[in-house]
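Written out below as structure tokens is the structure these notes cover.
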Amino acid sequence: MTEISLFAQLAAELTERKAASLYRTRRVLESAQGARVTVAGRELLNFCSNDYLGLANHPAIVAAAQAGAARWGVGSGASHLVAGHFAVEQELEERLAAWAGKPAAITLSTGYMANLAVVTGLVGRGDAVFADKTNHASLNDAMALSRADVKRFPHSDVAALERLLAASSAKRKLIIVDAVFSMDGDIAPLAQMLALAEAYDAMLYIDDAHGFGVLGEGRGTLVELGLASPRIIYMATLGKAAGVAGAYIAAEQVVIDYLINTAKPYIYTTAAPPMIAAAMHASLDVIETDIARRDTLHRHIAYFRETLAGRCELLPSRTAIQPIILPDVETAVAISQALFDAGFWVAAIRPPTVPTPRLRVILTAAHTEAEVAALCEILLKILKGS
Ligand SMILES: *Cc1c(COP(=O)(O)O)cnc(C)c1O
């Protein structure tokens, strides 16, 4: 066999990653998603899924997906613009728009694609985007793909954002920010950002992947903060708290009509299976009515923070994302492994995903009080010994 030099290069880079404790592998789940999952024949307490409300395996939502498949089939067969836009999806868009307090909405197959769609659909050469440095990777990719002038400001630094806006002579200006930062769990200063959008005639694009379903009685971060404006374009993902899949963009009708006409990640892709929309209707029913789930989650968050306060480095998060900052990558990986060996699945998040290594604990409504207490107990024991 002739040696292929590309493969030798790839293998060498992977070896470097291994040496730096940065090599990534996947664990295979042998059960459905939930607070308790099976991996390699062992039951684990799962503290790393984004299934914040415990809906990924909710019986009513599973039943709605099954009924949806029976009613609408499995494949959508075409893109939304050609022949793949179904009544169950049209109704879902109207419901999701109303839930966000916006006139119109569209759904996409993933949040990653929704971010590509909004940013590349709205801005291009001659325009400028203004982005928090801690934004999600999909937003960074979206900006690069758009060819707009990219201006990044330090995390939540509103004064720096204002300087960038004041200095810009771009045709269109789009401020881009995570509402809840995915690796830190803190909330962006959205009220000040909206004021700047108004002062400098910019639009404000908000990625609420981690606020939807959790904050603002489930309506998300804008409702939590009491913010509304036609200048805001809102995006939430439906594979996290909603427990299904996909994402939606809600905005003024003209913005949605424009995206339907310009956003390539919307136009040139096969629509998601309509059964996904059927499942999402059931998920929204639960999010709207089952308030106890959110209360349980917020009780777990309060308990976790009270129990660990002063005993390890927490970040200022009132969301389900509760990182514990650690001194180095090796410690983060070793603690995550020790927890795993003890039956607790907690992800170690490392550079380049984040600048500072950490455990990223995710609490969900599906956990019991005893399970959260057990996690705190073992964390304190392991952190003390490390
Ligand atoms: C998860 C996430 C996305 C991507 O959404 P998917 O539906 O998983 O593709 C986008 N933005 C943020 C902030 C996220 O956390």
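Heavy atoms only: backbone and side chains are in, while hydrogens, waters and symmetry mates are out.
- Checking Ser138 against Asp141 by side-chain atom types alone, no donor-acceptor pair falls below 3.5 Å.
- Under 4.0 Å is where a charged nitrogen must lie from a carboxylate oxygen, and between Arg358 and Asp184 at least one such pair does.
- Hydrophobic clustering places Val150 together with Met203 (ILVMFWY residues linked when any side-chain heavy atoms are closer than 4.5 Å, directly or through intermediates).
- When only modelled atom types and interatomic distance are considered, Tyr112 and His136 share no side-chain donor-acceptor pair under 3.5 Å.
- Counting only residues at least two apart or in different chains, side chain to side chain donor-acceptor pair (under 3.5 Å) contacts with residues 83-94 comprise His80-His85, His85-Gln90, Gln90-Glu94.
- Nearest heavy atom pair, residue Ser79 against residue Thr269, reads CB-O, 3.1 Å.
- Taken together through direct or relayed side-chain contacts under 4.5 Å among Ile, Leu, Val, Met, Phe, Trp and Tyr, Val123 and Leu161 form parts of separate hydrophobic clusters.
- Here Ser76 pairs with nothing under the side chain to side chain donor-acceptor pair (under 3.5 Å) rule; sequence neighbours left out.
- Clustering ILVMFWY residues whenever any of their side-chain heavy atoms sit less than 4.5 angstrom apart, transitively, puts Met193 in a cluster other than the one holding Leu139.
- In this structure, Lys102 contributes its side chain and Ile232 its backbone to a donor-acceptor pair below 3.5 Å.
- Of all the heavy atoms in Asp157 and Ala160, the pair that sits closest is OD1-N, 3.0 Å.
- Checked by atom type and distance alone, the side chain of Arg152 never pairs as donor or acceptor with a backbone atom of Ala131 at under 3.5 Å.
- Closest of all the heavy-atom pairs between Val129 and Met143 is CG2-SD, 3.6 Å.
- Counting all heavy atoms, side chain and backbone alike, His300 lies closest to Leu363 at O-CD1, 3.7 Å.
- Between the side chains of Ser317 and Asp186, not a single donor N or O lies within less than 3.5 Å of an accepting N or O.
- Minimum interatomic distance between Val37 and Ser31 (heavy atoms only, all atoms of both residues): CA-OG, 3.3 Å.
- For the pair Arg42 and Phe340, the cation-pi test (distance below 6.0 Å, angle within 45°) is passed.
- Aromatic ring centres of His155 and Phe181 lie closer together than 6.0 Å.
- Counted within 6.0 Å of CD on Glu377, heavy atoms from surrounding residues, nucleotides or ligands total 12 or fewer; the atom is thus considered open.
- Trp99 and Leu53 end up in the same hydrophobic cluster when Ile, Leu, Val, Met, Phe, Trp and Tyr side chains are linked at under 4.5 Å.
- For Arg350 and Glu330, the salt-bridge test fails: no basic side-chain N is under 4.0 Å from an acidic carboxylate O.
- At least one side-chain heavy atom of Asn135 sits less than 4.5 Å from a side-chain heavy atom of Ile176.
- At a threshold of 4.5 Å between side-chain heavy atoms, the hydrophobic network of Ile, Leu, Val, Met, Phe, Trp and Tyr places Ile260 and Val255 in one connected group.
- Using a 4.0 Å cut-off between charged side-chain N and carboxylate O, Arg293 and Asp295 make no salt bridge.
- Residue pairs that meet the side chain to side chain donor-acceptor pair (under 3.5 Å) test with at least one member in residues 303-313, sequence neighbours left out, are Arg305-Gln322.
- For residues 169-178, the set of pairs meeting the side chain to side chain donor-acceptor pair (under 3.5 Å) definition, not counting sequence neighbours, comprises Arg172-Tyr258.
- The side chain to side chain donor-acceptor pair (under 3.5 Å) contacts involving residues 193-207 comprise Asn115-Tyr205, Asn115-Asp207, Glu162-Tyr200, Asp201-Arg231, where partners must be two or more places apart or lie in separate chains.
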Ignoring hydrogens and angles, write down the donor-acceptor pairs under 3.5 Å from the side chains of residues 14-28, residues two or more places apart or on other chains.
unit_1	atom_1	unit_2	atom_2	d
Thr15	OG1	Ala11	O	2.8
Arg24	NH2	Thr353	OG1	3.1

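- For Pro189 against Val158, the heavy-atom pair with the smallest separation is CG-CG2, 3.5 Å.
- Ring planes of Phe212 and Tyr248: perpendicular class, angle over 60° (limits at 30 and 60°).
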